[in-house]
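Encoded as structure tokens, the structure appears first; notes follow it.
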Amino acid sequence: MTEGAVRRFDGAGGERIYQIPVRAFRGMIAHTYVVIDGDYSALIDTGSGHDESNADLEAGMAALAAQAGERIGWERLSRIIITHGHIDHCGGLGYVRARSGAPVAAHHLDIPAVSDHPAHLAAQLAPTAAFLRWAGVAEAVVGQLGRYFGGGMRGAPGGEVATVLADGDLLDGRFAVIHTPGHCAGQVCLRLGDVLFCADHLLARTNPRLTPAHLEAHNGLGPYLAALDRVGAEPGLRLGLAGHEEPIADVYARAEALRESHLSRLEQIRAACGEPRTVLEIAAQIYPDMQQPPGLLIALQAIAARVEYLEQRGLLAPDGELTPRFRATA
Ligand SMILES: [Zn+2]
Ligand SMILES: [Zn+2]
């Protein structure tokens, strides 16, 4: 992390919000946030737990104390909040808990991923392999999967989740909890006054990656679009602070743009299925530059989330079960 990478935002209630970017993975920056309000302070997300990510988080905490003059340190933290159980957000929880005894809050659906991410990833291997076979991926490529999960299976477990979150909760009298599945089953956005910590539900530039319900329950495009509605119905949001990329100045416009983008992709997929196609074949057409792992897995998940959405609505019909081919209905 470079000096000065920490950014400050002001909450409407006088809270100071600091964004600490961390190098979660090679080429991927994730944002963690520290919210300070009087004696109360909360850390939102922890980075990946990889060495560079931990070093950036440590440097960010030190910068708040040294540069911003905040009376903050690991031992002063009141709360740790995990927005969702993906490794770039919760993988560093074991590192943080070795330094802070603050109670951890996370949504109930993501407790296994948050409390023991390495075990969670290990448990995901078999369902993910089954998903890849269903999509039409060759056995040789399915066999490479463990290598891409391997790094995440070595970290320290996050430990106990003391506060189990559900939609509609008001955490610590401050953060309104909004459940936003689709990207991750237990993802939450947190509303603090007119600021929305939007995790990976809304990103400023890219379409958040979707997880198909076929791979993990509670996810998929249907729940994602419903969660866009849910956030869009929140009145008076001034600023979105996401898990990656830049702050979002107009949360409502961004939610609408994401919806439009998904709906136009649905048309593309229907058009690709004039002849019966596997999910892999559709992905090759729509994402021709994402045909190697790990990008291939992301592309397949994105296509599968839309294919299952169209199938549920009778707009695509499957042929076969083990590796179905989908054809557009009239
Ligand atoms: Zn995520
Ligand atoms: Zn993320």
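Heavy-atom basis, side chains included; hydrogens, waters and symmetry copies ignored. We count ligands from 1, going down the list as the structure has it; atoms in each ligand are counted the same way.
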_If we check side chain to side chain contact (heavy atoms under 4.5 Å, CB included) with Cys189, which of these qualifies: Asp200, Asp167, Val177, Leu196?_
Leu196
*Can you spot which of Val142, Val137, Leu300 makes a side chain to side chain contact (heavy atoms under 4.5 Å, CB included) with Phe131?*
Leu300
*Is the distance between the Zn ion (ligand 2) and the nearest N/O/S atom of His86 smaller than 2.8 Å?*
no
*Taking 4.0 angstrom as the limit, do Arg325 and Asp319 come out as a salt bridge?*
no
*Is it true that some N/O/S atom of Asp200, main chain or side chain, lies under 2.8 Å from the Zn ion (ligand 1)?*
yes
*Would you check if the Zn ion (ligand 1) lies under 2.8 Å from any N, O or S atom of His84?*
yes
*About how large, to 10 degrees, is the angle OD2 of Asp88, then the Zn ion (ligand 2), then NE2 of His244?*
90°
*Just checking, Arg99 and Tyr95: is the charged tip under 6.0 Å from the six-membered ring centre and within 45° of the axis?*
yes
